[in-house]
Amino acid sequence: MDEKYFAKKIEDKWQTKWRESGAFEVEVNNDKPKFYQLEMLPYPSGNLHMGHVRNYSVGDAIAWYKRLKGFNVLHPIGWDSFGQPAEDAAIKRGVNPRDWTEENINHMRGQLQRLGLGYDWRREMAAHRPEYYKFDQWFFLKMYEMGLAYKKKTQVNWCENDKAVLSNEQASGGLCWRCGNAVTKKDLEQWFLKTTAYADQLLDDMTEIEAGWAEKVLKRQRDWIGRSEGAFVDFITNYWSKPIRVFTTRIDTIYGANAIVVAAEHPIIEAKYETFSAELRVAIEKIKAEKLKVTDHEAEVEKEGVDTGLKAINPFSQEELPVWVGNYVMIEYGTGAVMSVPAHDERDFEFAKKYNLPIRQVISEPHLAHEHHTMQVLALEQAFSDYGVLVHSDYWNGKTSEQAKKEMTHHAETHGFGEGATTYRLRDWGISRQRFWGAPIPIVYCETCGIVAEKYENLPIELPEQIVLDEGIEGTSPLAKDENFVNTVCPNCGEAAKRETDTMDTFVDSCWYYFRYLDNKNSEMPFAPEKAAYWMPVDQYIGGDDHAVMHLIYTRFWTKTMCDMGLVKFNEPVKRLLTQGMVIGETFFDVIPNEDDPESGGKRVYYPPSSVTVERDAKGKIITAKSADGKPLKSAIERMSKSKGNGVDPDEMVEIYGADAARIFILFAAPVENELVWNEAGIEGAVRFLQRVWRFVFKWKAKLSEPSAVADGLNAAILDADGNPPATAGGSDSRKLRQKTHQTIKRIEENLESLQFNTPVAALMELSNALYDFKVEPETASESDVFAIREAVESLILMLTPFAPHTAEELYSQIVGNDRGILANEARFPEFRAELARADEIEIPVQINGKLRSRVLASPDATNEDLEKLALADAKIIEHTDGKQIVKIIVVPKRLVNIVVK
RNA sequence: GCUUGGGUGGCGGAAUAGGUAGACGCACAGGACUUAAAAUCCUGUAUCCUUCGGGGUGUGCGGGUUCGAUUCCCGCCCUAAGCACCA
């Protein structure tokens, strides 16, 4: 054992040993409880960033902890290796996207290994390899058979910058999720997966995972699915063959309708367009055009509308209502038409005010209902959107909203002009991408047979090895230009046919990658169901909460389809989800205005922080920042990345401080859910801590490895010959050390179970400090001193394993005298014993009128009366109570005494 | 605008079935060791007053409940994230 701690040396040693012994390789084993620890897989961009280090350090800590608790722990990793950056690199630099990706994977795998993360590398998967995407295609065919995959022409979200189609989720807020560019609309034939078929299950099954998922994630998913229960009501119009169907959640307000408002894209508008005046057409076109523009997030859009002159009949009141086109009605939601009830809906209210439409109150607050007996227009200051009692509604007057909703829906149903209905905000998932670097959609277009699914035995439909990638023909994949790829034969009739050239959204890959880890060599099936039956569901999943509605909804959907395919027998793939906060850092940039579109805010050009001169106020906030050539720069705190120049290279940190120190530091710095503003200043403390532990073990190694009369071996050390702990043996100092040891065991166990990682590191530091406070030298130590130290040191080392595995392994090997490793020696997390953690003496604060005045020492068995007596006998307390009347004494058992005086 | 988190020393952060606020670390200061430095070890560090025994104040702000509130309740302010015409 070296006297000094050489991180590099021990890290190399143990990384080699782990690899050679297959320390983290696991198989199905029914004799052990299983634990599936999963972290979100990285995109192989070329370099790990600190966010990865954080994510994977947490995952590895849990994996180690569970191993030490006797679980059969599956801890795999892979690569989300399809996607745009590879294609961009290919276009920009002429590299082959496959080579670029493979190189990046190799480099990043090395980075992960240098961090000493304990993965079962045999199970690695990469999305871009045909062995994997074969099954993307396999699943697509299954879903096609099940009617879950279909094609339709649709207006898609289109990002002009990326030349890419975006899903609703990816275009959320009208901005491209990747580049932030404004999203426009484009008509394209697209493949969809029927996520809406599982909308109810996606919502209802949340009860199964509530316990393990953060409420904020579930809430976002709930909002995203947006189930809304109400009714369809048909308004007959003499001007059109079909009635206008509206969706409403407030059928009880129907007597208050003053108009029907439809979206500009509504079929009735198309049908009657010819008959409209030029003026009306212009107004409608203007509304349409405005909608295609990016909506500024900050500003509320002014409501616009135009009366079409068409009329529709309210089926309840028989009243004739005007049909308007309104910019606030969305064609995508519900039926694209609403009944406007200004008195009871804020938007309709605003609209009616603007265009002077009548506002009629038909719902009243219950205690005011009797005042609404005449049909007069009430001067409402604002819409009343609460439930209440119906007024001015004929037969329905006096009913509550709840009653009326039920009965009026039923009435509509029995009379054939409506029905109860549930609508969703959730759309089907458009998976077509006009891109090269993704899994080809296994569909063939045949002149005679039409759309034909590929045969399973023809999978995988492979991407060509070489392809010319350039900006591409707008709206088609670069694959369309590859004759060899496009031309094929029809799987049905054998005639010449053409392939689908769109590829799948890369979120398809991440839907099921963690199932592939279970059985990644399987060439027949995505995975063997019996392996999934053992390992799944995932016990702990860790990743960023930016995936709350995309990846995590898609993968839940995917699991439900797999359940229907008979591949798995459960509804929910992930029992417990931990969302980690971003690692962020200061960025400095200059804004270069975009000449084509001066309003878009321009492009940011980033400057590395090392080249920026910064002036700060007393609180450390940046006042001014200047580049090296004196240009004033703007600053922000943003997610760390290489392109923004605020990234820290994990390799550099590992090189300087060691992987263990880097890992301890990132876990210790802040709770995982918090954002972590990167500040390297604390990492020295992590190194110092490891060195302190090292030096202590070095000093005591010889003494601790001597055979002991009290106990031998690691776990036995806690027990005496009868299996009982020698709780009272030894002097009071050694007794105190044992107390600290066991208190620490409890704390760390509780912390890790509740997914806290900063506090257990603090607890380990305390235990290490307690060892230094124990002023005994190896040469003069008594048997019971050695015993207490051995117990503390062994516990410390084992509890250190999840955080600093290399250091722990090396120190452990020094103590047990073999190099086989912690796992091969079947070491276990130290066992907590309450009787040892219990203090002999407890300190009881004594308050007077709620203010701390003194402390007394008492036995942990002291009764309330004992504590009261002790408190009153205390000199300081006597001083404070002297001459005053004691009104009351409150004793909190074993915690506190409060004396109330006058 | 709506929803949900969060405001604690110079800094990251501990501690809430209501019960010693500031664990642990960083930074800083003083001391020991050293020819010197680094490393290491020890001591101190919320703030104000102090006769050095202590005392006052303090967990974003203002109220309330309580013997006692960082924790519970009411009303504000600030901040981060998500959503934003969803009928």
Side-chain angles (χ1 to χ4, degrees), chain A residues 4 172-174 214-217 219-220 223-224 226-228 230-231 246-251 253 261 295 297-298 300-303 326-330 332-341 344-348 350-351 385 423-426 545-546 548-549 581-582 584 618-620 637 664-665 668-671 673-686 688-689 691-692 695 747 756 758-769 772 843-855 876 879 887-901:
Chain A
K4 284 178 84 178
S172 177
E215 180 50 35
K216 63 173 176 178
V217 174
K219 188 185 179 296
R220 281 181 66 188
D223 289 349
W224 193 263
R227 178 160 68 190
S228 171
V246 305
F247 175 72
T248 177
T249 55
R250 293 298 303 272
I251 195 172
T253 66
V261 185
T295 49
H297 259 206
E298 309 305 314
E300 191 122 312
V301 180
E302 173 87 7
K303 292 201 172 29
N327 68 341
Y328 71 103
V329 179
M330 300 183 298
E332 305 88 20
Y333 183 76
T335 60
V338 301
M339 59 179 204
S340 167
V341 185
H344 306 291
D345 181 287
E346 268 177 50
R347 292 153 305 174
D348 296 339
E350 201 186 314
F351 192 69
S385 52
T423 61
Y424 301 89
R425 193 185 113 111
L426 183 74
D545 67 358
D546 41 335
V549 285
M582 284 191 287
I584 53 182
K619 287 223 160 193
I637 293 183
I664 284 213
F665 173 62
F668 181 62
E673 284 104 331
N674 284 20
E675 256 179 8
L676 175 59
V677 179
W678 187 253
N679 173 7
E680 205 146 319
I683 191 166
E684 306 266 1
R688 276 202 281 268
F689 163 61
Q691 287 170 338
R692 266 167 78 85
R695 277 197 307 272
R747 270 174 72 184
Q756 288 173 277
N758 55 334
T759 46
V761 174
L764 288 172
M765 289 173 170
E766 282 186 44
L767 181 57
S768 144
N769 290 346
Y772 275 85
E843 195 186 72
I844 302 288
V846 183
Q847 298 179 337
I848 290 179
N849 290 347
K851 285 190 181 179
L852 180 71
R853 295 300 179 194
S854 183
R855 299 179 175 90
K876 282 187 211 138
E879 211 176 292
V887 180
K888 195 171 169 187
I889 298 176
I890 292 132
V891 182
V892 182
K894 302 185 198 324
R895 296 207 74 155
L896 167 140
V897 178
N898 186 14
I899 301 164
V900 186
V901 298

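Chain naming here is simple, since letters A, B, ... match the order of the sequence lines and numbering starts at 1 in each.
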Original post:
Out of A84(B), G13(B), C85(B), which has the shortest distance to the side chain of P671(A)?
Top reply: G13(B)
Subject >> Spacing of the P atoms in U34(B) and G44(B) (rounded, Å) >> reply: 24 Å
Original post:
Given that both pair distances must be under 3.5 Å and the pair must be Watson-Crick or G-U, what runs of three or more consecutive pairs involve RNA chain B?
Top reply: B:1-7 with B:77-83, B:10-12 with B:24-26, B:28-32 with B:40-44, B:46-49 with B:54-57, B:60-64 with B:72-76
**OP:** State, to 0.1 Å, how close V900(A) and N849(A) come at their nearest heavy-atom pair, and which atoms those are.
**Re:** CA-OD1, 3.3 Å
Original post:
Between U16(B) and A23(B), how far is it from one P atom to the other, in whole Å?
Top reply: 15 Å
**OP:** Classify the nucleic acid contact of R220(A) as base, sugar-phosphate or nothing, counting any heavy atom under 4.0 Å across all strands shown.
**Re:** sugar-phosphate
**OP:** Rounded off to whole Å, could you give me the CG-to-P distance for the D546(A) and A81(B) pair?
**Re:** 13 Å
**OP:** Quickly work out the R695(A) CZ to C41(B) C1' distance and round it to whole Å.
**Re:** 9 Å
Original post:
Contact class for N674(A) (heavy atom, under 4.0 Å): base, sugar-phosphate, or nothing?
Top reply: sugar-phosphate
Subject >> Closest to side chain of N898(A), choosing from C85(B), G13(B), C67(B) >> reply: C67(B)
Original post:
When the distance from CD of E346(A) to P of A87(B) is rounded to whole Å, what number comes out?
Top reply: 12 Å
Got a list of protein N/O to nucleotides 49-52 of chain B N/O distances below 3.5 Å?
none

**OP:** Could you tell me whether the phosphate oxygens of G68(B), OP1 or OP2, come under 4.0 Å of any side-chain nitrogen or oxygen in R853(A)?
**Re:** no
**OP:** Check the distance between C86(B)'s P and D345(A)'s CG and give it to me in whole angstrom.
**Re:** 7 Å
Subject >> Aromatic plane relationship, F247(A) with Y333(A) - under 30° parallel, 30 to 60° tilted, over 60° perpendicular >> reply: perpendicular
**OP:** Give the rounded distance in Å between these two atoms: CG of D348(A) and C1' of C86(B).
**Re:** 13 Å
**OP:** Could you walk me through whether R227(A) and L426(A) pass side-chain contact (heavy atoms from CB on, under 4.5 Å), step by step?
**Re:** CA-CA 8 Å; R227(A) 178 160 68 190; L426(A) 183 74; over 6 Å; no
Subject >> Side-chain (N898(A)) to main-chain (K888(A)) donor-acceptor, under 3.5 angstrom >> reply: no
Subject >> Atom pair CE (M582(A)) and CG (L676(A)), whose distance is rounded to the nearest 0.5 Å >> reply: 11.5 Å
Subject >> Nearest-neighbour nucleotide for the A670(A) side chain, A87(B), G13(B), G19(B) considered >> reply: G13(B)
Original post:
Rounded to the nearest 0.5 Å, how far does CD of Q691(A) lie from NZ of K4(A)?
Top reply: 8.0 Å
Subject >> Whole-Å distance separating the CD atom of Q691(A) from the P atom of C41(B) >> reply: 9 Å
Subject >> Span that lies between the P atom of G58(B) and that of U71(B), in whole angstrom >> reply: 13 Å
Filtered N/O pairs between nucleotides 2-6 of chain B and protein, under 3.5 Å:
{"from": "U3(B)", "atom 1": "O2'", "to": "K219(A)", "atom 2": "NZ", "distance (Å)": "3.2"}

**OP:** Check the pair E843(A), R855(A) against side-chain contact (heavy atoms from CB on, under 4.5 Å), reporting the backbone distance first and the verdict last.
**Re:** CA-CA 6 Å; E843(A) 195 186 72; R855(A) 299 179 175 90; 3.3 Å; yes
**OP:** For nucleotides G13(B) and C67(B), find the distance between their C1' atoms and express it as a whole number of Å.
**Re:** 32 Å
Original post:
Under the salt bridge (Lys or Arg N to Asp or Glu O under 4.0 Å) test, which residues partner R747(A), sequence neighbours left out?
Top reply: E766(A)
Original post:
In whole Å, what is the span from the CD atom of E350(A) to the P atom of A84(B)?
Top reply: 18 Å
Original post:
Ignoring hydrogens and geometry, is there a side-chain-to-backbone donor-acceptor pair from D345(A) to R347(A) under 3.5 Å?
Top reply: yes
**OP:** Have a look at V329(A) and say if it touches a base, only the backbone sugar-phosphate, or nothing, with a 4.0 Å heavy-atom cut-off.
**Re:** base
Subject >> Ring-face cation contact, Y328(A) with K303(A), 6.0 Å cut, 45° max >> reply: yes
Subject >> Any Q756(A) side-chain N or O less than 4.0 Å from OP1/OP2 of G13(B) >> reply: no
Original post:
When the C1' atoms of G9(B) and C77(B) are considered, how many whole Å apart are they?
Top reply: 22 Å
Subject >> Syn/anti label of G53(B) as read from its glycosidic torsion, with the cut at 90° from 0 >> reply: syn
Subject >> Residue pair I890(A) / V897(A), side-chain heavy-atom distance below 4.5 Å >> reply: no
Using a cutoff of under 3.5 Å, can you pull out all pairs of nitrogen or oxygen atoms linking the protein to nucleotides 21-26 of chain B, with atom names and distances?
{"from": "A23(B)", "atom 1": "O2'", "to": "E766(A)", "atom 2": "OE2", "distance (Å)": "2.8"}
{"from": "G25(B)", "atom 1": "OP1", "to": "N769(A)", "atom 2": "ND2", "distance (Å)": "3.2"}
{"from": "C26(B)", "atom 1": "OP1", "to": "R688(A)", "atom 2": "NE", "distance (Å)": "2.9"}
{"from": "C26(B)", "atom 1": "OP1", "to": "R688(A)", "atom 2": "NH2", "distance (Å)": "2.7"}

Original post:
Is there a side-chain contact (heavy atoms from CB on, under 4.5 Å) between K216(A) and R220(A) once you walk through the steps?
Top reply: CA-CA 6 Å; K216(A) 63 173 176 178; R220(A) 281 181 66 188; 5.8 Å; no
**OP:** Would you mind calling G9(B) syn or anti? Take O4'-C1'-N9-C4 for purines or O4'-C1'-N1-C2 for pyrimidines, and syn is within 90° of 0.
**Re:** syn
Original post:
Which atoms form the tightest heavy-atom contact between D348(A) and M339(A), and what is the distance?
Top reply: OD2-O, 3.6 Å
Original post:
With sequence neighbours left out, what residues match E215(A) under side chain to side chain contact (heavy atoms under 4.5 Å, CB included)?
Top reply: L218(A), K219(A), R222(A)
Subject >> Distance, rounded to the nearest Å, where R855(A) contributes CZ and G54(B) contributes P >> reply: 11 Å
Original post:
Around E680(A), counting heavy atoms of other residues, nucleotides and ligands shown, do more than 12 lie under 6.0 Å from its CD?
Top reply: yes
Original post:
Taking the same atom, C1', in A14(B) and in A87(B), what whole-Å distance lies between them?
Top reply: 49 Å
Original post:
Pick the nucleotide of RNA chain B nearest each of Y424(A) and V900(A); which residue has the one closer to the 5' end?
Top reply: V900(A)
Original post:
Can you find a side chain N or O atom of S228(A) that sits less than 4.0 Å from OP1 or OP2 on A87(B)?
Top reply: yes
Subject >> Proximal nucleotide (of G12(B), A87(B), A80(B)) relative to the A669(A) side chain >> reply: G12(B)
Original post:
Going through the checks in order, is the side-chain contact (heavy atoms from CB on, under 4.5 Å) test met by M765(A) and F668(A)?
Top reply: CA-CA 11 Å; M765(A) 289 173 170; F668(A) 181 62; 4.0 Å; yes
Original post:
What distance, rounded to whole Å, do you find between the two C1' atoms, one in A69(B) and one in A15(B)?
Top reply: 14 Å
Original post:
If you look at every strand shown and take non-hydrogen atoms under 4.0 Å, does V892(A) touch a base, only sugar-phosphate, or nothing?
Top reply: base
**OP:** Taking atom C1' in both U50(B) and U65(B), compute the distance separating them and give it to the nearest angstrom.
**Re:** 36 Å
Subject >> Under 4.0 angstrom between K851(A) side-chain N/O and G54(B) OP1 or OP2 >> reply: no
Original post:
With no angle test and no hydrogens, is the base of U20(B) tied to the side chain of E843(A) by a donor-acceptor pair under 3.5 Å?
Top reply: yes
Subject >> For the student: nearest non-hydrogen atoms of V217(A) and A548(A), plus distance >> reply: CG1-CB, 3.9 Å
